[in-house]
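This is the structure, below, for whatever I ask next.
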Amino acid sequence: MILDSLENRARYYALNPRLEKAFDYLLSTDLGALPAGRHAIDGDDVFINVMDVDLKRPADAKLEIHDRYLDIQVLVRGEREAFGWSQRDRVTRPLGAFDVQKDIRFYDDVPQTYYEVTSGQFTLLFPEDAHAPMVGEGTIRKVIVKVRV
């Protein structure tokens, strides 16, 4: 898991050859004007999900994992979004089977820690990161860029 300012994004380009394209899209697009839903950037290798969501209490936000994609999550509108986080190999209470089509599995474990993302920041989540997004109060607009590993 990485939490950093968008201005430092280039430090992470070496981690995956598709990250530069993903960040370029984030910074060159009016994310507030995009309709909610999925938008292709580079086919299934890089795409974005735009979401307008009500934040949840920590107990209602379930940890999730992915196998095939990294997540870059960015707050577009709202004050802050909190995330629960745990090491993937420490989560033990699955809520159903892994959904291969959606590349996701949920867990009912309590996160090891919480952190916040605010305007101008991003969090980069890897397959080894179990994460519980959308924690807090109020309504936000966020984008999740899915980058194939």
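Everything quoted here is computed from the prediction, not taken from an experiment.
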Next item on the list: Take Phe122 and Phe23 through the ring pair (Phe, Tyr, Trp, His ring centres under 6.0 Å) test and state the conclusion after the steps.
Entry: CA-CA 10 Å; Phe122 69 93; Phe23 278 110; 4.9 Å; yes
Margin query: Using a 6.0 Å cut-off, check whether atom CZ of Arg38 has over 12 heavy atoms from anything other than its own residue.
Written below: yes
Note to self: I need the minimum non-hydrogen distance between Arg80 and Glu116, along with the two atoms involved.
What the structure shows: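 In this case the closest contact between Arg80 and Glu116 is NE-OE1, 2.7 Å.
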Next item on the list: Please name the pair of heavy atoms, one in Thr92 and one in Pro94, separated by the smallest distance, quoted to 0.1 Å.
Entry: O-CD, 3.1 Å
Quick one: side chains of residues 140-149, donor-acceptor pairs under 3.5 Å with protein atoms, not counting sequence neighbours, listed by atom name and distance.
residue: Arg141; atom: NE; partner: Asp52; partner atom: OD1; Å: 2.8
residue: Arg141; atom: NH1; partner: Leu31; partner atom: O; Å: 3.0
residue: Arg141; atom: NH1; partner: Gly32; partner atom: O; Å: 3.4
residue: Arg141; atom: NH1; partner: Leu34; partner atom: O; Å: 2.6
residue: Arg141; atom: NH2; partner: Leu34; partner atom: O; Å: 3.3
residue: Arg141; atom: NH2; partner: Asp52; partner atom: OD2; Å: 2.9
residue: Lys142; atom: NZ; partner: Gln73; partner atom: OE1; Å: 2.4
residue: Lys142; atom: NZ; partner: Glu81; partner atom: OE1; Å: 3.4
residue: Lys142; atom: NZ; partner: Glu81; partner atom: OE2; Å: 2.7
residue: Lys146; atom: NZ; partner: Asp71; partner atom: OD1; Å: 2.5
residue: Arg148; atom: NE; partner: Asp45; partner atom: OD1; Å: 2.8
residue: Arg148; atom: NH2; partner: Asp44; partner atom: O; Å: 3.4
residue: Arg148; atom: NH2; partner: Tyr69; partner atom: OH; Å: 3.3

Next item on the list: Can you spot which of Leu63, Asp129, Ile65 makes a side chain to side chain contact (heavy atoms under 4.5 Å, CB included) with Arg88?
Entry: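 Among Leu63, Asp129, Ile65, the one that satisfies the side chain to side chain contact (heavy atoms under 4.5 Å, CB included) with Arg88 is Ile65.
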Note to self: Can you confirm whether Lys21 is buried at NZ, in the sense that more than 12 heavy atoms of other residues, nucleotides or ligands lie under 6.0 Å from that atom?
What the structure shows: no
Margin query: Could you report the tightest heavy-atom contact between Ala132 and Ala61, atom names first, then the distance?
Written below: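 Heavy atoms only, the tightest pair is CB-O, 3.7 Å.
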Check: Of the non-hydrogen atoms in Glu20 and Tyr13, which two are nearest, and what is the gap between them?
Finding: CG-CE1, 3.5 Å
Notebook entry, point to check: Are any of the side-chain heavy atoms of Val74 and Leu26 separated by less than 4.5 Å?
Noted result: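 Answer yes - side chains close enough.
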Item checked: CA sep, side-chain torsions, deciding dist, call: Leu55, Glu137, side chain to side chain contact (heavy atoms under 4.5 Å, CB included) -> CA-CA 5 Å; Leu55 297 176; Glu137 294 180 4; 5.8 Å; no
Notebook entry, point to check: Do Leu70 and Ile72 belong together in a cluster built from hydrophobic side chains that touch within less than 4.5 Å?
Noted result: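 In one cluster: yes.
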Check: What's the shortest heavy-atom distance between Thr123 and Tyr115, and which atoms?
Finding: OG1-OH, 2.7 Å
Note to self: Under 4.0 Å between a side-chain nitrogen and a carboxylate oxygen: does that hold for Arg18 and Asp42?
What the structure shows: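 Not counted as a salt bridge, because no side-chain N and carboxylate O are separated by less than 4.0 Å.
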Next item on the list: Could you check Gln101 against Asp99 for side chain to side chain donor-acceptor pair (under 3.5 Å), going step by step and ending with a plain yes or no?
Entry: CA-CA 6 Å; Gln101 182 74 16; Asp99 186 330; over 6 Å; no
Checklist line | Least distance between heavy atoms, Phe47 atom then Ala40 atom | finding: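 Scanning both residues completely, I find the closest heavy atoms to be CB-CA, 4.2 Å.
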